[in-house]
Amino acid sequence: LPIWCPNWISLAEDLLRQDMKNLRLRQGEVRSQNTTFSNEYTSLPSDFVMMRTLRLETSPVTNLQYMPPELMDRVYAASVSGQPKAFTIQGNAIRVAPPPNATFTATLTYYALAPLTTTNTTNWLLTLAPRLYLYSTIAEAALYYRDDELHDRMLAQREVMLDKLMTTSGADEQTGPIRMRTDFAP
């Protein structure tokens, strides 16, 4: 195999992560318990694709509401610390607001796709749809070799595989757009 093969796989995985945001397959859902928030920012898991839910394990349980970063900045601009009520994603971190006044334990439910490496030789998507990985990787290789015809054929095959996944693999019920609340008060 060419020495560029790992790069093509990595580029294909970037494309597949974007696909996962639209597909929302149950097989890619991960629940991470015992995540702690003691600061405003907490690192995202390395296999993170997209958040589904974030809840604090308080009594009663507190489901945090998603807010875009700009709205969170406006709503919680003068906020003092307390129990978080909302979250957003900024870069490679989860940001909660208001900033925590204590350490809170949370459960994250998110869509994940672990990258392939020399030590991690498979993941749920490669097991479920190996051809999707293959077509995505060949499409990236075709770009390198400037083979537009092959690239277009592989992208068409990818679309067929994505359609099959959507209909046969149990896409999440929430396939429509995520609705965002804008009636928050700090």
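The distance from the CE atom of M67 to the CD1 atom of I89 is 14.0 Å, given to the nearest 0.5 Å. Interatomic distance, N22 CG to M166 CE, rounded to the nearest 0.5 Å: 7.5 Å. To the nearest 0.5 angstrom, L155 atom CG is 11.5 Å from I138 atom CD1. Summarising the geometry, atom OH belonging to Y111 is positioned 13.0 Å from atom NZ belonging to K21; distances are rounded to the nearest 0.5 Å. To the nearest 0.5 Å, atoms CE (M20) and CD (E13) are separated by 11.0 Å. Rounding to the nearest 0.5 Å gives a distance of 6.5 Å between CG of L54 and CG of L56.
Residues satisfying the ring-ring contact (aromatic ring centres under 6.0 Å, His included) test with F37, not counting sequence neighbours, are none. Applying the side chain to side chain donor-acceptor pair (under 3.5 Å) rule to D147 yields no partners; only residues at least two apart in sequence or on another chain are considered. Not counting sequence neighbours, the partners of L162 by the side-chain contact (heavy atoms from CB on, under 4.5 Å) test are D19, L23, L132, R158, E159. Judged as a side-chain contact (heavy atoms from CB on, under 4.5 Å), and not counting sequence neighbours, R146 has no contacts. Residues forming a side-chain contact (heavy atoms from CB on, under 4.5 Å) with S32 (at least two apart in sequence, or on another chain): T35, L108, Y110. Applying the side-chain contact (heavy atoms from CB on, under 4.5 Å) criterion to P6, with sequence neighbours excluded, gives no partner residue. Looking at residues two or more places apart in sequence or on another chain, you find no side chain to side chain donor-acceptor pair (under 3.5 Å) involving T105. Residues satisfying the side chain to side chain donor-acceptor pair (under 3.5 Å) test with R131, not counting sequence neighbours, are none. Scanning for side chain to side chain donor-acceptor pair (under 3.5 Å) contacts around T62 gives T58, Q83, with sequence neighbours left out.
In N34, the CG atom is not crowded: 12 or fewer heavy atoms of neighbouring residues, nucleotides or ligands sit closer than 6.0 Å.
Side chains of S38 and T36: a donor-acceptor N/O pair is absent below 3.5 angstrom, by distance only.
Hydrophobic clustering of Ile, Leu, Val, Met, Phe, Trp and Tyr side chains at less than 4.5 Å, counting indirect connections, keeps Y135 apart from L11. Side-chain heavy atoms closer than 4.5 Å link hydrophobic residues (I, L, V, M, F, W, Y) into clusters, and following such links, even through other members, never connects L143 to I9. Two different hydrophobic clusters hold L15 and M154 under the rule that ILVMFWY side chains link at heavy-atom gaps under 4.5 Å.
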Derivation and outcome, side chain to side chain contact (heavy atoms under 4.5 Å, CB included), residues Q33 and E57: CA-CA 9 Å; Q33 297 174 317; E57 300 302 331; over 6 Å; no

Could you go through Q157 and M161, starting from their C-alpha distance and side-chain angles, then the distance that decides it, and tell me whether this counts as side chain to side chain contact (heavy atoms under 4.5 Å, CB included)? CA-CA 6 Å; Q157 290 297 324; M161 291 303 302; 5.6 Å; no

Please set out all donor-acceptor pairs under 3.5 angstrom arising from side-chain atoms of residues 90-102, sequence neighbours excluded.
| residue | atom | partner | partner atom | Å |
| --- | --- | --- | --- | --- |
| Q90 | OE1 | Y41 | OH | 3.2 |
| Q90 | OE1 | R95 | NH1 | 3.2 |
| R95 | NE | E40 | OE2 | 2.9 |
| R95 | NH1 | D73 | OD1 | 2.7 |
| R95 | NH2 | E40 | OE2 | 3.4 |
| R95 | NH2 | D73 | OD1 | 3.1 |

For residues 121-129, which side-chain N or O atoms pair as donor and acceptor with protein atoms under 3.5 Å away, sequence neighbours left out?
| residue | atom | partner | partner atom | Å |
| --- | --- | --- | --- | --- |
| T122 | OG1 | T127 | OG1 | 3.3 |
| N123 | OD1 | L125 | N | 3.1 |
| N123 | OD1 | L126 | N | 2.8 |
| N123 | ND2 | A114 | O | 2.7 |
| N123 | ND2 | Y133 | OH | 2.8 |
| W124 | NE1 | A112 | O | 2.8 |
| T127 | OG1 | N123 | O | 3.1 |

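Using a 4.0 Å cut-off between charged nitrogen and carboxylate oxygen, E70 and R74 do not count as a salt-bridge pair.
Here the closest non-hydrogen pair linking V49 and L113 is CG2-N, 3.6 Å. Taking all atoms of both residues into account, the shortest heavy-atom contact from T53 to M51 is O-SD, 3.4 Å. Closest non-hydrogen pair, L64 versus P84, comes out as CD2-O, 3.1 Å.
The shortest side-chain heavy-atom distance between E149 and D152 does not fall under the 4.5 Å cut-off. Proximity of R24 to M50: side-chain heavy atoms (C-beta onward) are separated by under 4.5 Å at one or more points.
The backbone N or O of R55 lies less than 3.5 Å from no partner atom in the side chain of T107, so there is not a single donor-acceptor pair.
The ring pair (Phe, Tyr, Trp, His ring centres under 6.0 Å) analysis of residues 139-164, with sequence neighbours excluded, yields the pairs W4-Y144, W8-Y144, W8-Y145.
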